[in-house]
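Side chains included, hydrogens not; waters and symmetry mates left out as well; all remaining heavy atoms used.
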Amino acid sequence: DRIREEVRRTMLRVEHVVRATTDEPQLNLRSQPQMQKLIFEKLKWPVLEHNEVTEAQLEEDPTRTEGNASLARAVLDEYEKKGYKLATLIKAHRNVSTLHDVFLVGALLKRDPATSLLHTIFKQARTVTGRLSSGDRMAGKMNLQNIPSKKEKDPFRLRQFFLPTLAKGHHLVVGDY
C-alpha cells in the first residue's frame with residue numbers, strides 16, 4: 001500500500017505541474033481529445049505525425065485521409081528532442097500511470113484469493129520468435145515480462161513484488177538467448 005500511495009502521489013504531482021503550466025485546471029491527462037486540443041489548438045505545437053483514420057472519422061467525412069494528430073510515445077520523444085518540456089511531463093505521467101494501473105491495481109485485483117499470490121502461465125506458441133510470454137491465470141493479459149527492469153523505468157521498485165514462491169524441491173530456471 002505504501003508503494004501504491006507513492007505512485008499515486010507522483011501521478012498527482014505530475015498532473016498538478018501540467019495543469020499549472022498549461023493553465024488548464026480541469027485537464028485530464030488520460031483524455032486524448034483533451035490532450036490533442038491542448039497541444040495542437042491551444043499551445044500550437046506543430047503536427048509531426050497523424051494517427052490512422054478511424055471508421056467514425058470516415059463516416060463523418062469519407063474523403064478524410066489522415067487521423068488526428070498523434071501523441072504516441074515516439075512522437076513525444078521527438079517533441080522532447082525539440083525542447084518541448086511538456087512532452088517530458090506527459091511521458092512521465094503515462095509511465096507512472098501504466099505502472100499504477102497494470103502492476104499495482106491490476107495485479108492486486110488478479111491475486112488468487114486463497115493464497116494472495118499472482119500466478120502466471122508461460123506460453124510459447126503466442127510469440128513469433130518462439131520466446132516465452134507470460135500471462136496471469138485470471139485474465140491472461142498481463143505479461144509479467146513487461147515489469148520494468150531498469151531503475152529509471154521503475155523508480156518505485158515494483159519488480160521486488162514479483163518474486164517466485166517455490167515449493168520445496170522446485171527451482172526457478174532463468175535463461176535467454
Side-chain angles (χ1 to χ4, degrees), residues 1-111 118 133-136 139-162:
D1 282 345
R2 179 187 58 78
I3 298 289
R4 189 169 34 180
E5 185 55 31
E6 185 181 342
V7 171
R8 194 183 70 72
R9 276 197 315 269
T10 301
M11 275 191 325
L12 291 174
R13 266 195 311 272
V14 173
E15 289 172 5
H16 174 76
V17 170
V18 170
R19 289 176 181 141
T21 303
T22 60
D23 195 32
E24 292 287 338
Q26 301 302 312
L27 181 67
N28 177 357
L29 275 77
R30 293 179 183 232
S31 166
Q32 280 297 335
Q34 285 185 34
M35 294 303 293
Q36 288 168 331
K37 186 174 181 179
L38 168 71
I39 299 294
F40 302 112
E41 292 177 24
K42 181 178 179 181
L43 301 178
K44 307 270 189 235
W45 288 13
V47 176
L48 301 180
E49 196 174 299
H50 287 88
N51 296 321
E52 290 187 27
V53 182
T54 65
E55 286 184 31
Q57 290 169 332
L58 283 175
E59 284 177 18
E60 189 177 299
D61 178 6
T63 63
R64 188 170 181 157
T65 59
E66 294 178 322
N68 294 332
S70 176
L71 286 173
R73 180 162 186 91
V75 175
L76 289 173
D77 288 342
E78 288 302 312
Y79 285 122
E80 194 173 31
K81 288 177 190 172
K82 294 176 184 279
Y84 291 88
K85 297 195 183 333
L86 183 58
T88 305
L89 291 170
I90 294 168
K91 284 173 42 179
H93 185 269
R94 285 183 183 175
N95 288 341
V96 173
S97 61
T98 297
L99 291 174
H100 178 269
D101 295 351
V102 174
F103 296 113
L104 290 174
V105 175
L108 289 174
L109 291 174
K110 294 174 185 170
R111 288 184 300 182
L118 182 68
S133 69
S134 158
D136 67 273
K141 293 182 181 177
M142 184 191 324
N143 187 346
L144 297 178
Q145 291 163 302
N146 290 336
I147 301 167
S149 59
K150 294 193 165 72
K151 190 173 182 178
E152 63 272 6
K153 291 185 180 179
D154 183 14
F156 308 104
R157 298 178 47 233
L158 298 180
R159 197 169 188 85
Q160 69 184 331
F161 296 106
F162 296 92

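- You'll find the side chain of I90 stays beyond 4.5 Å of the side chain of Y79, heavy atoms only.
- One N or O on the side chain of Q34 and one on the backbone of N28 form a donor-acceptor pair closer than 3.5 Å.
- In this structure, CD in E15 is found 8.0 Å from OG in S97, a value given to the nearest 0.5 Å.
- L99 contributes atom CG, which lies 14.0 Å from atom CZ of R94 (distance to the nearest 0.5 angstrom).
- The shortest side-chain heavy-atom distance between R13 and V96 does not fall under the 4.5 Å cut-off.
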For residues 53-60, which side-chain donor-acceptor pairs fall under 3.5 Å, sequence neighbours excluded?
unit_1: T54; atom_1: OG1; unit_2: Q57; atom_2: N; d: 3.1
unit_1: T54; atom_1: OG1; unit_2: Q57; atom_2: OE1; d: 3.4
unit_1: Q57; atom_1: OE1; unit_2: T54; atom_2: N; d: 2.9
unit_1: Q57; atom_1: NE2; unit_2: N68; atom_2: OD1; d: 3.1

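- In this structure, R9 does not pair ionically with E6, as no charged nitrogen and carboxylate oxygen lie closer than 4.0 Å.
- For the atom pair OG1 of T98 and CE of M11, the computed distance is 10.0 Å after rounding to the nearest 0.5 Å.
- Residue pairs meeting the side-chain hydrogen bond (donor to acceptor under 3.5 Å, both in side chains) criterion with at least one member in residues 81-91, sequence neighbours excluded, are D77-K91, E78-K81, E80-T88, E80-K91.
- Here F40 contributes atom CZ and M35 contributes atom CE; the two are 9.5 Å apart, rounded to the nearest 0.5 Å.
- Counting only heavy atoms from C-beta outward, the side chains of L38 and L27 approach each other to under 4.5 Å.
- Residues K42 and D23 meet the side-chain proximity criterion, which asks for heavy atoms closer than 4.5 Å.
- In this structure, V17 and T21 approach most closely via the heavy-atom pair O-OG1, 2.6 Å.
- Looking at residues two or more places apart in sequence or on another chain, you find a side-chain contact (heavy atoms from CB on, under 4.5 Å) between D61 and T63, R64.
- Within the model, atoms OG1 of T65 and CD of E52 stand 12.5 Å from one another, a figure rounded to the nearest 0.5 Å.
- Inter-residue side-chain proximity for V47 and E66 is flagged as unmet; no heavy-atom pair is nearer than 4.5 Å.
- Heavy atoms from other residues, nucleotides or ligands lying under 6.0 Å from NE2 of H50 number more than 12.
- Of all heavy-atom pairs between R8 and E5, the closest is NH2-OE2, 2.8 Å.
- Side-chain contact check for N51 versus Q32: every heavy-atom pair is 4.5 Å or farther apart.
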